[in-house]
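Numbered from 1 within each chain, the chains take letters A, B, ... in sequence-line order. Atom set for the values below is all heavy atoms of this structure, side chains included, hydrogens, waters and symmetry mates excluded.
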Amino acid sequence: MDRAPGLRAEGLGLRRGGRRLFSGLGFEAGPGAALILSGPNGSGKSSLLRLLAGLARPEAGNLSWQGRPVVDDLDAYQASLHLVGHQDGLRPILTVAETLRFWIEVAGEAPADGETGTAALAALGLEALGRTPCRLLSSGQRRRLALARLLTAPRPLWLLDEPAVGLDQAALGLLAGVLARHRAGGGTIILSTHQPLDLPDAITLDLADFRPALSPAATADLVWDGI
Amino acid sequence: MDRAPGLRAEGLGLRRGGRRLFSGLGFEAGPGAALILSGPNGSGKSSLLRLLAGLARPEAGNLSWQGRPVVDDLDAYQASLHLVGHQDGLRPILTVAETLRFWIEVAGEAPADGETGTAALAALGLEALGRTPCRLLSSGQRRRLALARLLTAPRPLWLLDEPAVGLDQAALGLLAGVLARHRAGGGTIILSTHQPLDLPDAITLDLADFRPALSPAATADLVWDGI
Amino acid sequence: MRGLIALIRRDLALALRQGGDAAIAVLFFVLAAMLFAFGIGPEPGELSRVASGIIWVTALLAALLGLDRLFQADWEDGTLDILALSPIPLEMVVLAKAAAHWLLAGLPLLLATPLVGLLLHLDTASLPALIAAMALGTPSLSLIGTVGAALTLGARRGGVLVSLLVLPLEIPVLIFGTAAVSAILSDRAAATPFLLLGAILAGALALGPWAAAAALRQALE
Amino acid sequence: MRGLIALIRRDLALALRQGGDAAIAVLFFVLAAMLFAFGIGPEPGELSRVASGIIWVTALLAALLGLDRLFQADWEDGTLDILALSPIPLEMVVLAKAAAHWLLAGLPLLLATPLVGLLLHLDTASLPALIAAMALGTPSLSLIGTVGAALTLGARRGGVLVSLLVLPLEIPVLIFGTAAVSAILSDRAAATPFLLLGAILAGALALGPWAAAAALRQALE
Amino acid sequence: MGFSFHYFANPARFMRASGKVLPWLTALTALCLGVGLVGGLVLAPPDYQQGDTVRIMFIHVPSAWVGMMGYTMLAAASASALIWRHPLAEVAAEAAAPLGAGFTLVCLVTGSLWGAPMWGTWWVWDARLTSVLILFFLYLGYMALAGAFDDAARGRRAASILALVGFVNVPIIHYSVVWWNTLHQPASVMRLGGPSIDPSILWPLLVMALGFTLLFLTLWVVRMRTALIRRKIEALELAAADAAGAGHYRPVTAP
Amino acid sequence: MSGFMHWLAMGGYAAYVWSAYGVALIVLSGLAVSAISGYRASRRALDELEAQGRTRR
Ligand code: HEM
Ligand SMILES: Nc1ncnc2c1ncn2[C@@H]1O[C@H](COP(=O)(O)OP(=O)(O)OP(=O)(O)O)[C@@H](O)[C@H]1O
Ligand SMILES: Nc1ncnc2c1ncn2[C@@H]1O[C@H](COP(=O)(O)OP(=O)(O)OP(=O)(O)O)[C@@H](O)[C@H]1O
Ligand SMILES: [Mg+2]
Ligand SMILES: [Mg+2]
């Protein structure tokens, strides 16, 4: 295991509620790489992303970042990634600008000046909404704002769970641009999606290939029998 | 405006937080028709769907169902439609089967037997998950379940807000089938979406075309002339 | 009708599955009463004088807790849309909610009152009157609470705002509730407070569902 | 550090924007105290005897309300994920939450105590002791409450469950708090209860954040 | 439904009319209050049993009446606001609440200032005092609720419903002295069979009552005018925001 | 003059009577001041806006 840059997974296995979602999953994603997680509903994309973010423990296998196992220094690893999940972390009463400002300050890297914020908003076409309370945002606007968090602090590794959900054509274009710039800057992107995205030469990882022999449906019943 | 069947809207205008989202919007959707609402994020698709469901009051224009204005008998009208919005109405602790059963009983038409439920589940490929608590569902599984509500009670008018979000290929196929059967049975479908859907000869209504000409708020303060 | 039963059953199922809600409400009731036993000091004399009052107040507060949740979850996850569009009139939905709330936060307290009375050295003579009064009063609390919950739906900081709105409206219940007990003790004409409690309940039944339903319609718009 | 301040500022902004949270918490405090005044009956003598106990209990309950919301919202909308992945250690996050909670639910009560004391005919001699004791006690309440909130995270009906968990832990604060007052009155050696309150605070400061952070990690997995 | 034209026209008409009336209203208010004060503080004789404390009555009772009247107004305005969604009614309700709360507060404070010498205590938990305190909290609740939503319209409607529900308290206040045996005076002015107060005390009381009522009306009109202007400003700012190219919703009450 | 003093004394109840009138004065004039100043402020704001030529159309 020489100091291979980027993220490297070997023989990852994950069990959710007593059911094994996938096993023997491995990949390697270096700087500038984009890895697309595909697979049917319930195949474990979101779970895998949380696992990769170090929020959940794998059942088997190991995960290394910049050649070092992430468990060795979890905090340092987590400080070098962004996770944008299904929930967007918006608070109804706070305005768009305030939300972004809070994210910037918590990320604690960029100075909490307006610039970073406005830049991030502009990058996703939200300039006009700075003073709108999040409660009033439409679904697509919410998604855009959630994605704007990626630009609040420079982090090499981006983990995105279905980033394109609910975005209109214009927003899809903006997103593609943001992702391209991140990769050009040597960043790594791992995302799950069901709809085709404009990601030049991205590797695709189909979780269906790592599904354990026993059909999940069958085990599912076994699991819930106990309850 | 003699007893035209189906849903007919004339000169609809909607105001949100003191601002006009659209005005002069009109359409006619008869039995078997499918109307696709398109438009950029924030153009008012979701708001329009809630308006069509009689949950919000239009600022102007009128809406008639089977040739009768819906306001005449709102309850009867609402009892003849299904609305599936962004929120899926799932409660984390209830199992999939329980949730569906509750919907059936509330809809109050079909007898609360298992059949309707199992049929609905099967139609969206959720058979295996009947006893899974909703808390554990993946985003796509949640969406499938939300859509299963359409089959809990026969209603001629379906209002769907981005039904395809988060669905995998298989689910998209199932959804297309469900929609086709509904139309074949003389049902009407009005849905909003950003991604292409398999809906033969559907009419598309782009909300961008109904943006008010002069600045949305301008109309708002005609009120205050002379103050 | 079947819809109503379904609604109540669902609420009960949710509550009970969520770690025995009823049991917890009762436990809160008992614990709070115990707190007073501590706060006020052990002398039985002191306690028994204030016991019935404390029981009423604790019951009221127990019924208050979690009130803001009554519609919140249904509203956020869209269930309320479904109910509003269902054939069941919204007033009925409210009534079902209130009924479920009483079954979970009112009835158990009623059953626990004798025990709590013991804790607080309540003199046994007044126990029947107290329980009767609570049986008549707690449903009003649930109904009034339902209105408050519906009004603050989507409000910033519903949790505390709802108590601010509901407490003043519930004070009369408390007054007559305690009056009923003391009337029995000082065997004055005990009928009046009970009648007034009944009147309040009637009023709440007539006004509550209407007001709450109106508020819910506002929230959905 | 700037992260911490940002956290506290955000919580305060949220609360205050939400219709004057602090003001409302105080109002609840006053209202509840009023309730007891009714429940217990008009005679000033009765009241003043139990006043300090009632004030402590009401403060405790007021500090309890909305506790379940402390992490709930952040957890449901994913903010907690963001915080867990941020450079700020989770223990610090908890501390910030507790601080914000005290500023909103503890400090205002402290300031309102004189007024409430008036309502309940508290004899003025004991007022300073009471306030001092509360100043020492309420931070512990916030810290303990934070742990409870973290533990009940994910139990949807947290509102009541959290009080069930927290109340027993907070009883000692109540006991020594009231003891401090009565000690002053019966000018016994008043130091001890204050020392004990201080000890509790120290313990809560040492244990609370750690325990809460652990609970949060569980909730996120 | 939708907005008929009178919906738009009326606020402007109100502004014009109220503009004309306001000066006269103000003058009349000042006159009544002046006369009432002289009558109450100087001309009226001390009560044979209550001594000079009876002079507190000349502010206590009118403020009590206006506090109750204010809530009645609030409820009425709220009802019409709910039914017809008329902006003027909404504005009227909003504007009435703080005024009513103020007068009620005066009633409470003067009452307990009167109670100290007469009853020997500042406060007792009897029905009259309690129901007035509840009235005060209802006012506060109305204001808190109205301001508790970031969609102002929704806040207004929710608060209106509360105002209607809370109205049951007003008759309770009036009859509390009848229904419960309390320390507090029974009705001696507003009662069947005419007032039972000595004329020398009655006339200043009535003049003060009129003065307080007029004061309420004057301030009410002023606050309504203010609210209407605020709304126009909001509308203009919205328009400006759009002109600036913000094609989206922007909160009219931005911090 | 003593008559004036006697009047001020309010038959021994001066503290209560005058503080009652004082409180009334403070609260009510507070209401008046807030109402009027609020009106002035919003008027000014509106005039400024219209001075900037911001009108409806
Ligand atoms: C905080 C204490 C008090 C409160 C909240 C209060 C409240 C009220 C209210 C609401 C009214 C109007 C009732 C109606 O017309 O429907 C009233 C009237 C009156 N109050 Fe008080 N009061 C208080 C204390 C007192 C005291 C201490 C006295 C005298 C000893 C007093 C004497 C009167 C009198 C004479 C009236 C006029 C009764 C009538 O003619 O209708 N009040 N008070
Ligand atoms: N209650 C409200 N008050 C004020 N403005 C609102 C409210 N609800 C929504 N809006 C605004 O109305 C606009 C339309 O929202 P809506 O959700 O209908 O858009 P949409 O077409 O569904 O967008 P998307 O495609 O992203 O779902 C948005 O700009 C939103 O900010
Ligand atoms: N906490 C949990 N306990 C038990 N099972 C879980 C838990 N969370 C998720 N699951 C199950 O794990 C499976 C994978 O969930 P996950 O959300 O990762 O799927 P997904 O690939 O993201 O699907 P989708 O494409 O619909 O988002 C689902 O079948 C779900 O039921
Ligand atoms: Mg997923
Ligand atoms: Mg939408």
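Contact annotation for residues 43-51 of chain A against chain D (heavy-atom separation below 4.5 Å, listed by residue number): A/R50.
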message: For a side-chain contact (heavy atoms from CB on, under 4.5 Å) check, start with the C-alpha distance between A/V106 and D/I88, then their side-chain angles and the critical distance, and finish with the verdict.
response: CA-CA 7 Å; A/V106 167; D/I88 309 173; 4.2 Å; yes
Worked verdict on D/L7 versus A/E105 for side-chain contact (heavy atoms from CB on, under 4.5 Å):
CA-CA 9 Å; D/L7 266 169; A/E105 289 176 330; over 6 Å; no
| query | Between D/D74 and A/R91, is a side-chain contact (heavy atoms from CB on, under 4.5 Å) present by the stated rule, with each step listed? | reply | CA-CA 8 Å; D/D74 284 342; A/R91 192 53 62 83; 2.2 Å; yes
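Contacts between D/R217 and chain A at a heavy-atom distance below 4.5 Å are absent for every atom of the residue. Neither the backbone nor the side chain of D/L80 comes within less than 4.5 Å of any heavy atom in chain A. Heavy-atom distances place both the backbone and the side chain of D/L85 under 4.5 Å from chain A.
Evaluation of the side chain to side chain donor-acceptor pair (under 3.5 Å) rule for D/W102 yields D/T138 as partners, not counting sequence neighbours.
Checked for salt-bridge contact, D/R10 and A/E98 miss the test: no charged N lies under 4.0 Å from a carboxylate O.
Between A/R149 and D/I82 the shortest side-chain heavy-atom distance falls below 4.5 Å.
Heavy-atom pairs under 4.5 Å with chain D peak, among A/D88, A/L55, A/V84, A/L81, at A/L55.
Taken from NE2 in A/H86 to CG in D/D81, the straight-line distance is 12.0 Å, to the nearest 0.5 Å.
Looking at every heavy atom in both residues, A/R155 comes nearest to D/P87 through NH2-CD, 3.9 Å.
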